[in-house]
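Reading through the structure tokens given below for one structure.
By convention here, the first residue in the shown sequence is residue 1.
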Amino acid sequence: MKKNVLGKSAAVLLSLAVMSLILSCKSQFELMLESHDVPAKYKTAFELLDAGKYSKAARMFESLKIAVRGTAQDDTVQYYTAYSHYRYGDMEAAEQAFDSYINNFPRSPFTDKARFMYLDCLYLGTYRYELDQTPTYRALAAINEYLIDYPDNEYAPNCHKMIADLEERLDRKEYESAKLYYTIEDYKAAHYALKLVLKDDADNVYREDIMYYTVMSAYKYALNSVPDKQRDRYVTFTDDYFTFVSEFPDSGYRKELDALASKVQKILNKK
């Protein structure tokens with residue numbers, strides 16, 4: 001019996017020793033994170049933010065949310081939680097935090113800035129033109145809605161720059177997708193797809209390039225056709241060529257297309 005009691009005591013002492021070792025290994029940051037000293041944690045959170053330790057600052061601010069709920073510090077803690085995520089580069093967490101903040105504190109002094117930073121999170125969360133553009137459409141809708149509500153806001157110029165960049169990205173995706181048919185030498189499909197891009201979006205910023213590849217697709221489709229089909233297809237090329245030069249008389253593509261048009265005219269005269 002005595003031996004069993006001693007065994008239990010040894011186990012307890014060992015557990016206490018292990019616990020003591022674990023606590024001694026905890027960093028000052030982790031100890032503060034677990035602390036209930038709200039003023040000290042609040043001060044530490046801002047010190048971490050000022051030092052550029054954004055991930056730790058976000059965690060410290062997050063740990064304060066419940067403690068300061070309903071107090072004068074509530075909106076400040078929630079705003080800087082979102083801001084810390086933003087500065088760390090976690091746009092998904094920042095977007096959610098700013099969205100929550102805007103809904104919870106519509107009249108806070110931070111709200112105007114938070115609205116813009118929410119939009120910036122959406123913008124920075126979009127992808128290159130080659131990838132899925134669903135986030136781009138979402139960001140565009142939110143930014144345009146913001147500009148309807150705040151057309152003369154101090155952040156409006158930045159919003160317009162975001163819109164221009166996002167719309168250019170969508171334009172390029174449409175252009176590159178249609179041009180892919182030209183690259184793989186499916187000239188009939190390329191001609192149709194390129195024309196469709198401009199039918200759906202006449203103001204596409206790549207309009208000149210799209211029209212150039214439309215003309216080239218028509219030419220190469222005719223060139224590779226059987227003799228009986230060539231005349232009509234060269235006529236299509238000629239129509240596309242004149243449409244292009246009437247709109248872009250000084251284009252860098254003009255010399256190349258003029259040479260092709262001259263060549264095609266000779267072919268049509270013979271036929």
Side-chain angles (χ1 to χ4, degrees), residues 19 22-127 132 134-163 165-166:
M19 184 63 69
I22 291 171
L23 288 172
S24 67
C25 291
K26 283 190 175 181
S27 68
Q28 192 174 1
F29 168 76
E30 290 169 326
L31 291 172
M32 181 59 74
L33 199 62
E34 295 172 1
S35 168
H36 297 292
D37 188 341
V38 174
K41 293 179 75 171
Y42 188 78
K43 181 174 178 286
T44 301
F46 279 103
E47 287 173 349
L48 290 167
L49 185 65
D50 291 339
K53 297 177 180 179
Y54 303 119
S55 177
K56 286 185 175 181
R59 289 178 65 193
M60 193 63 70
F61 280 120
E62 287 276 8
S63 74
L64 283 164
K65 280 185 176 180
I66 295 175
V68 302
R69 186 168 294 166
T71 71
Q73 294 174 323
D74 196 355
D75 65 330
T76 302
V77 166
Q78 290 205 37
Y79 173 80
Y80 281 104
T81 300
Y83 181 75
S84 298
H85 284 306
Y86 174 87
R87 292 303 303 271
Y88 181 61
D90 187 346
M91 293 305 151
E92 185 175 351
E95 175 198 324
Q96 292 173 359
F98 278 124
D99 187 38
S100 174
Y101 177 84
I102 293 162
N103 290 323
N104 291 333
F105 304 99
R107 292 185 176 84
S108 168
F110 297 107
T111 303
D112 198 29
K113 178 73 172 176
R115 283 193 184 103
F116 171 72
M117 295 192 76
Y118 168 72
L119 297 178
D120 203 29
C121 290
L122 292 177
Y123 170 71
L124 294 172
T126 57
Y127 308 132
D132 177 31
T134 301
T136 300
Y137 288 109
R138 183 167 172 248
L140 275 172
I143 296 168
N144 280 310
E145 184 178 345
Y146 177 84
L147 286 172
I148 291 171
D149 294 334
Y150 307 98
D152 302 316
N153 187 283
E154 63 177 301
Y155 303 113
N158 284 349
C159 287
H160 286 296
K161 288 179 183 178
M162 290 181 192
I163 288 172
D165 178 58
L166 295 174

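Atoms OH and CG, from Tyr42 and Leu64 in turn, are 9.0 Å apart once rounded to the nearest 0.5 Å. Summarising the geometry, atom CZ belonging to Phe98 is positioned 13.5 Å from atom CG belonging to Asn103; distances are rounded to the nearest 0.5 Å. Taking CD1 of Ile143 as the reference point, atom NZ of Lys161 lies at 13.5 Å (rounded to 0.5 Å).
For Asn144, the side-chain contact (heavy atoms from CB on, under 4.5 Å) criterion is met by Leu140, Ile163, not counting sequence neighbours. In this structure, the side chain to side chain donor-acceptor pair (under 3.5 Å) partners of Tyr101, at least two apart in sequence or on a different chain, are Ser108. Remark: Phe116 engages Tyr155 in a ring-ring contact (aromatic ring centres under 6.0 Å, His included) (not counting sequence neighbours). Judged as a salt bridge (charged side-chain N to carboxylate O under 4.0 Å, His left out), and not counting sequence neighbours, Asp37 has no contacts. A search for ring-ring contact (aromatic ring centres under 6.0 Å, His included) contacts involving Tyr118 returns nothing, not counting sequence neighbours. Under the side chain to side chain donor-acceptor pair (under 3.5 Å) criterion, Thr136 pairs with Gln133, sequence neighbours left out. With sequence neighbours left out, the side-chain contact (heavy atoms from CB on, under 4.5 Å) criterion links Ser100 to Gln78, Asn104. Take Pro135 and apply the side-chain contact (heavy atoms from CB on, under 4.5 Å) test, not counting sequence neighbours, and it matches Thr126, Tyr127, Asp132. Checked against side-chain contact (heavy atoms from CB on, under 4.5 Å), Tyr150 has the following partners two or more places apart in sequence or in another chain: Arg115, Tyr146, Asn153.
Looking at heavy atoms from C-beta onward, Met162 lies out of side-chain contact with Leu122 at the 4.5 angstrom threshold. In this structure the side chain of Phe29 never reaches within 4.5 angstrom of the side chain of Thr44, judged on heavy atoms. Side-chain contact between Asp75 and Pro109 is present, with heavy atoms from C-beta onward closer than 4.5 Å. Side-chain contact between Met60 and Lys56: absent, with no pair of heavy atoms (C-beta onward) separated by less than 4.5 Å.
For residues 138-159, every residue pair satisfying the salt bridge (charged side-chain N to carboxylate O under 4.0 Å, His left out) rule, not counting sequence neighbours, is listed here: Glu95-Arg138. Applying the salt bridge (charged side-chain N to carboxylate O under 4.0 Å, His left out) rule to pairs touching residues 40-55 yields Lys43-Glu47, sequence neighbours excluded.
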Show me the side-chain donor-acceptor pairs of residues 80-87 shorter than 3.5 Å, one per line, residues at least two apart or across chains.
| unit_1 | atom_1 | unit_2 | atom_2 | d |
| --- | --- | --- | --- | --- |
| Thr81 | OG1 | Val77 | O | 2.7 |
| Tyr83 | OH | Arg87 | NH1 | 3.0 |
| Ser84 | OG | Tyr80 | O | 2.7 |
| His85 | NE2 | Glu62 | OE2 | 3.2 |
| Tyr86 | OH | Asp120 | OD2 | 2.4 |
| Arg87 | NH2 | Tyr54 | OH | 3.0 |

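Residue Phe105 qualifies as enclosed at atom CZ: its count of foreign heavy atoms under 6.0 Å is above 12. Few gaps surround NZ on Lys65; more than 12 heavy atoms of other groups in view lie less than 6.0 Å from it.
Listed here is the closest heavy atom pair of Ala57 and Leu49: CB-N, 3.8 Å. Closest approach of Cys159 and Leu147 over heavy atoms only: CB-CD2, 3.8 Å.
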